[in-house]
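Order of appearance sets the numbers: ligands from 1, and atoms from 1 within every ligand.
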Amino acid sequence: MKEYINKAEKYILKTYNRYQIVLEKGEGVYLYDMEGKKYLDFAAGIAVFALGYGNQEYNDALKAQIDQILHTSNLYYNKPAIEAAEKIVNASGMKKVFFTNSGTEAIEGALKVARKYAYNKDNSKEYEIIAMNHSFHGRSQGALSVTGNSHYQEGFVPKDCVAVFADFNDLDDVKSKITDKTCGIICEVVQGEGGIYPADPEFLKGLRALCDEHDILLIFDEVQCGMGRCGSLFAHDLYGVKPDVMALAKALGCGVPVGAFVVGEKADGALVPGDHGTTYGGNPFATAAVSKVFDLYEKLGIVDHVNEVGAYLSEKLDELATKYDCIKAHRGIGLMHGLEFDQPVAAIIQKALEKGLIIISAGANIIRFVPPLVIEKEHVDEMTQILDSILKEL
Ligand SMILES: *Cc1c(COP(=O)(O)O)cnc(C)c1O
């Protein structure tokens, strides 16, 4: 492995401090490095690999699509994209889908929809977006402009492009930031990178009412919390609050790079031919994955499974939080959880890796648990035992 890691440092731009392993193979909810060491995976490639590794039906669908056709461009129709869009529309009750290659691009598209919706009504103004402190929406300049974390923004977003920020779960703060220039409000339904903070029901309901009152668009970023992770296919369904635009990615393709923004009734029609495009977005390979993911979610009863195992994980994390004083809080929903410590968690994560457990952080002091959605209770037990043994030593 060392040889490959040295080569990586030589050839790959260093924008990450990576863990010192080279992953080579996956099987179910386990990963293997080049030297054959086995890891229980509680990160799922950052909330991506919902179906676990090596689902045969998923793999076969992708192989068949490779032999059929990989790419067509968006100048023509292709069957997998149409089928995948139909499934997303039917599952969400929203109107139309635009496929992207990543979560960041889904956010870019969503922001353009909000600006265009306002521009179509009155093109004499420069519009602004209200976003939340401690949010994360991606690394492109547009997505960064609404990411409420100076650590990510600094040096990259011109000051006058930065969104207006309000405190998450503070409706009065959002209200006080609305002006005649506001064209939309964007937030995660459960903040992920910011430390696993679920939205309060009253907050989301309030945002919906504000957006209706001012005729502006409500954008939900479900890139991380969507696709079943929170115990309903889309996290906002738990709240009974519908957005005008929803961004999806991560588990949408379960490993194939694909995202989407989905528009509801109000936002449908804001963009017209020529307003937006992408060469790869919605290509047959990526959308064949999306289509198969929806089929398998249904066939395997993923959402019900998340509720069952999620409740168990929650119980076990509560037990750890009670047992150890260094754990300040446990937050989470479905299979998206966080343990907040009174100290940086990097050493715990490194120790876990050595003991064959992959976990990740969300901010310096928080361990994030976003396992494949197919994990079983026995895997939760295995994870808890490893973590318990590490905390004991600490
Ligand atoms: C990961 C993430 C993004 C960005 O998605 P990429 O595919 O990395 O571009 C956007 N929003 C949220 C909430 C995310 O977790």
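A side-chain donor-acceptor contact under 3.5 Å links Asn78 to the backbone of Gly282.
For His379 and Tyr30, the ring centers are positioned less than 6.0 Å apart.
Taking a cut-off of under 4.0 Å to the non-hydrogen atoms of Phe136, the atoms of ligand 1 that pass are 2 (C), 3 (C), 11 (N), 12 (C), 13 (C), 14 (C). Close contacts of ligand 1 with Glu188, meaning ligand atoms under 4.0 Å from a residue heavy atom, involve 13 (C). If you number the atoms of ligand 1 from 1 as listed, the ones under 4.0 Å from a heavy atom of Ser102 come out as 7 (O), 9 (O). Applying the 4.0 Å criterion to heavy atoms of Gln224 picks out, from ligand 1, the atoms 15 (O).
For atom 6 (P) of ligand 1, the closest non-hydrogen atom of the protein is Gly103 N, 3.5 Å. Atom 8 (O) of ligand 1 has its closest protein heavy atom at Thr104 OG1, 4.4 Å. In this structure, atom 15 (O) of ligand 1 lies nearest to the protein heavy atom Lys250 NZ, 2.6 Å. When only non-hydrogen protein atoms are considered, atom 11 (N) of ligand 1 lies nearest to Asp221 OD2, 2.7 Å.
A donor-acceptor contact closer than 3.5 angstrom links the side chains of Ser389 and Lys355. Under 3.5 Å, the side chains of Ser124 and Asp122 contain a donor-acceptor pair of N or O atoms. For the residue pair Tyr39/Asp33, the side-chain donor-acceptor check at 3.5 Å is satisfied. Counting only N and O atoms by type, the side chains of Asp244 and Tyr117 include no donor and acceptor under 3.5 Å apart.
At a heavy-atom cutoff of 4.0 Å, ligand 1 is contacted by the backbone of His137 but not by its side chain.
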**Prompt:** Under the salt bridge (charged side-chain N to carboxylate O under 4.0 Å, His left out) criterion, do Arg208 and Asp212 qualify, and how do the steps go?
**Reply:** CA-CA 6 Å; Arg208 179 68 273 170; Asp212 291 342; 2.8 Å; yes
